[in-house]
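Note sheet for the following structure.
Because only heavy atoms are used, hydrogens play no part in the values below, and waters and symmetry mates are left out as well, while side chains stay in. No experiment lies behind these values; they were computed from the predicted model shown. Heads up: numbering here begins at 1 and tracks the sequence.
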Amino acid sequence: MILLFFLLLAGCIFSLGIGLRVIYEHFFTTDVPAAIGHTTKLRILHCIFLLAINCGKISEKLGICSMPKFVRFLLQIMPVKKDPKVMVKNLCFGTVPVRLYQPKATSASLRKGIIFFHGGGMIIGSLNDYNSLCCHLSRDTDSVVLSVGYRLAPEHRNPSSLNDGIAASIHFLRTLETYGVDPFRVILCGDSSGGTLAASICQTLMTQPDLPKIRAQILIYPYLQGFNFQLPSYQQNKNVLFLTQNFVISCIFQYLDIQPSWKTAILNGAHLPPEMQEKSKERLNVDNIPKRFKEKGYQYMSPGPFNEDAYHENEQILLVVNSPLIADNDIIAQLPETLLISCEFDVLRDDALLYKKRLEDQGVPVSWHHSEDGFHGVLCTFDKEYFCFPCSLKILNTIVHFVKKL
């Protein structure tokens, strides 16, 4: 009885400690913009998020498993909703797990195909987490959707995710007839880090003449560059809930296997050699961001003095495959029609705005939807009932409309 009492007491103290940590982080280190609205459910959702992250960090310190693996475990025990109008198949393209979604209704013609890459910062996210979204896209756009279950960090570092995405995409493009997909209407789509993959893979595939040409790309609040972490959106939203500047850096460092000691140098831009600084000025010019996005809480910061060690240790963050926004003009000019989704309260907002400008400058047709009350990851709430935010449905409807008109 005494042992049981002390175990219960320890459990209570442990739970209280985590609870206090979550409350402190949420109320004292996180910004909750009033313009998002729905403050109560937003705060509850963020506290649940922080609880999962903090429990994961404790698990990591105890040597049980990494924080991302712990969060993935929690997400995997969530029930997966089924859609009676969509047929779902789990397949493997080589070693890459994929999930195929096909409308059950018969079609007299070949359907559009959507290759989807889930988000999660390259450290979390799974086929199950995005099952509802893929079902919805398949049903409402009458398309065949292929969701790619690429490998994640920290177990699998760069370029594992990209290699898996390319391999699955090429396999699908070479077997479109098997799935009843029109080779002239294949779309790449991804949210957050999945948007990074979609953008990078699209640039790669456009240079492969032996494959069907990609018809369009849909990039939902994507991460697109590791050159400048002092853009207006990074400064204005660095502490906004869910995707803070620190969490972005943590995800990048885990995927690219960068040591935390380089954080200050990279945030200050000291990892950019002179020639890269010139490229950054040209292709990430803050003047290309509309004025209204720079009016509050932004102060221009020039890159710090070049640190050669920081560059050589971390140069992979500057590679085009990891920073597709920086690609050469001749690559950008070949890209297909694009839908870009950005959210006002998101550190990655300006990546989308700058990519929009680069695409338009090279004559690529661009549709842009900006959610004035949106935050990073909000699309995933579209089917969460009480935790659904109206802007998530607007984003989803925009995507569906874009795909239908192709």
Side-chain angles (χ1 to χ4, degrees), residues 90-101 112-123 125-127 130 134 143-179 181 183-220 222-226 251-252 254-257 315-328 330-338 355:
N90 289 311
L91 305 169
C92 273
F93 287 175
T95 59
V96 183
V98 297
R99 188 170 291 175
L100 191 75
Y101 300 83
K112 290 182 283 287
I114 302 174
I115 304 176
F116 183 83
F117 304 96
H118 67 75
M122 306 291 192
I123 62 172
S126 70
L127 298 176
Y130 284 76
C134 290
S143 301
V144 176
V145 176
L146 181 82
S147 184
V148 181
Y150 56 86
R151 287 171 291 173
L152 301 170
E155 295 88 352
H156 304 283
R157 310 283 189 174
N158 175 63
S160 298
S161 300
L162 180 65
N163 288 345
D164 287 354
I166 291 174
S169 299
I170 290 176
H171 183 104
F172 187 62
L173 288 170
R174 286 179 172 161
T175 56
L176 294 176
E177 288 185 11
T178 305
Y179 308 107
V181 174
F184 297 101
R185 294 191 297 166
V186 178
I187 303 149
L188 296 186
C189 178
D191 82 312
S192 189
S193 58
T196 316
L197 290 177
S200 184
I201 291 170
C202 194
Q203 292 182 4
T204 301
L205 295 180
M206 297 308 287
T207 62
Q208 312 245 347
D210 59 323
L211 295 172
K213 192 173 182 180
I214 300 300
R215 174 65 180 84
Q217 61 176 342
I218 301 171
L219 309 179
I220 307 162
Y223 164 86
L224 294 173
Q225 56 85 27
C251 292
I252 295 169
Q254 289 189 70
Y255 178 59
L256 299 179
D257 199 15
E315 57 185 314
Q316 59 184 326
I317 198 174
L318 304 177
L319 297 177
V320 174
V321 291
N322 296 321
S323 294
L325 174 52
I326 214 73
D328 291 337
D330 60 336
I331 296 295
I332 299 291
Q334 296 180 61
L335 294 175
E337 185 174 353
T338 301
Y355 204 42

Hey, does [Y] have a side-chain heavy atom less than 4.5 Å from the side chain of [X]?
{"X": "Val98", "Y": "Ser147", "value": "no"}
{"X": "Leu100", "Y": "Phe172", "value": "yes"}
{"X": "Gln217", "Y": "Leu335", "value": "yes"}

Any donor-acceptor pair under 3.5 Å from [X] side chain to [Y] backbone:
{"X": "Ser143", "Y": "Ile114", "result": "no"}
{"X": "Ser160", "Y": "Arg157", "result": "yes"}
{"X": "Asn322", "Y": "Gln316", "result": "yes"}
{"X": "Thr95", "Y": "Phe93", "result": "no"}
{"X": "Gln203", "Y": "Pro324", "result": "yes"}
{"X": "Asn90", "Y": "Arg99", "result": "no"}
{"X": "Ser323", "Y": "Gly226", "result": "yes"}

Rounded distance [0.5 Å steps], [atom1] in [X] versus [atom2] in [Y]:
{"X": "Thr207", "Y": "Asp330", "atom1": "OG1", "atom2": "CG", "value": "10.0 Å"}
{"X": "Ile218", "Y": "Ile115", "atom1": "CD1", "atom2": "CD1", "value": "12.0 Å"}
{"X": "Gln334", "Y": "Ile214", "atom1": "CD", "atom2": "CD1", "value": "13.0 Å"}
{"X": "Ile123", "Y": "Tyr255", "atom1": "CD1", "atom2": "OH", "value": "13.0 Å"}
{"X": "Ser169", "Y": "Arg174", "atom1": "OG", "atom2": "CZ", "value": "11.5 Å"}
{"X": "Met206", "Y": "Ile201", "atom1": "CE", "atom2": "CD1", "value": "14.0 Å"}

Could you walk me through whether Ile331 and Val320 pass the side chain to side chain contact (heavy atoms under 4.5 Å, CB included) test, one step at a time?
-> CA-CA 11 Å; Ile331 296 295; Val320 174; over 6 Å; no

What do you reckon, are the aromatic ring centroids of Tyr150 and His118 less than 6.0 Å apart?
->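 Ring centroids of Tyr150 and His118 are less than 6.0 Å from each other.
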
Measure centre to centre between the rings of Tyr101 and Phe116, then say whether the value is under 6.0 Å.
->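 Judged by ring-centre distance (under 6.0 Å), Tyr101 and Phe116 do not meet the cut-off.
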
Where is the tightest heavy-atom contact between [X] and [Y], given as atom of each residue plus distance?
{"X": "Pro212", "Y": "Leu176", "result": "CG-CD1, 4.0 Å"}
{"X": "Val148", "Y": "Phe117", "result": "CG2-CE2, 3.8 Å"}
{"X": "Thr204", "Y": "Gln208", "result": "O-CG, 3.4 Å"}
{"X": "Arg215", "Y": "Pro336", "result": "O-CB, 3.3 Å"}
{"X": "Leu219", "Y": "Gly195", "result": "CD2-O, 3.6 Å"}
{"X": "Gly149", "Y": "Leu127", "result": "N-CD2, 3.5 Å"}

Could you list the residues that satisfy side chain to side chain donor-acceptor pair (under 3.5 Å) with Gln254, not counting sequence neighbours?
->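 Here the qualifying residues are Ser250.
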
Hey, could you give me each pair passing side chain to side chain donor-acceptor pair (under 3.5 Å) that has a residue in residues 184-197? Not counting sequence neighbours.
->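 Qualifying pairs, neighbours excluded: Tyr130-Asp191, Asp182-Arg185, Ser192-His376.
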
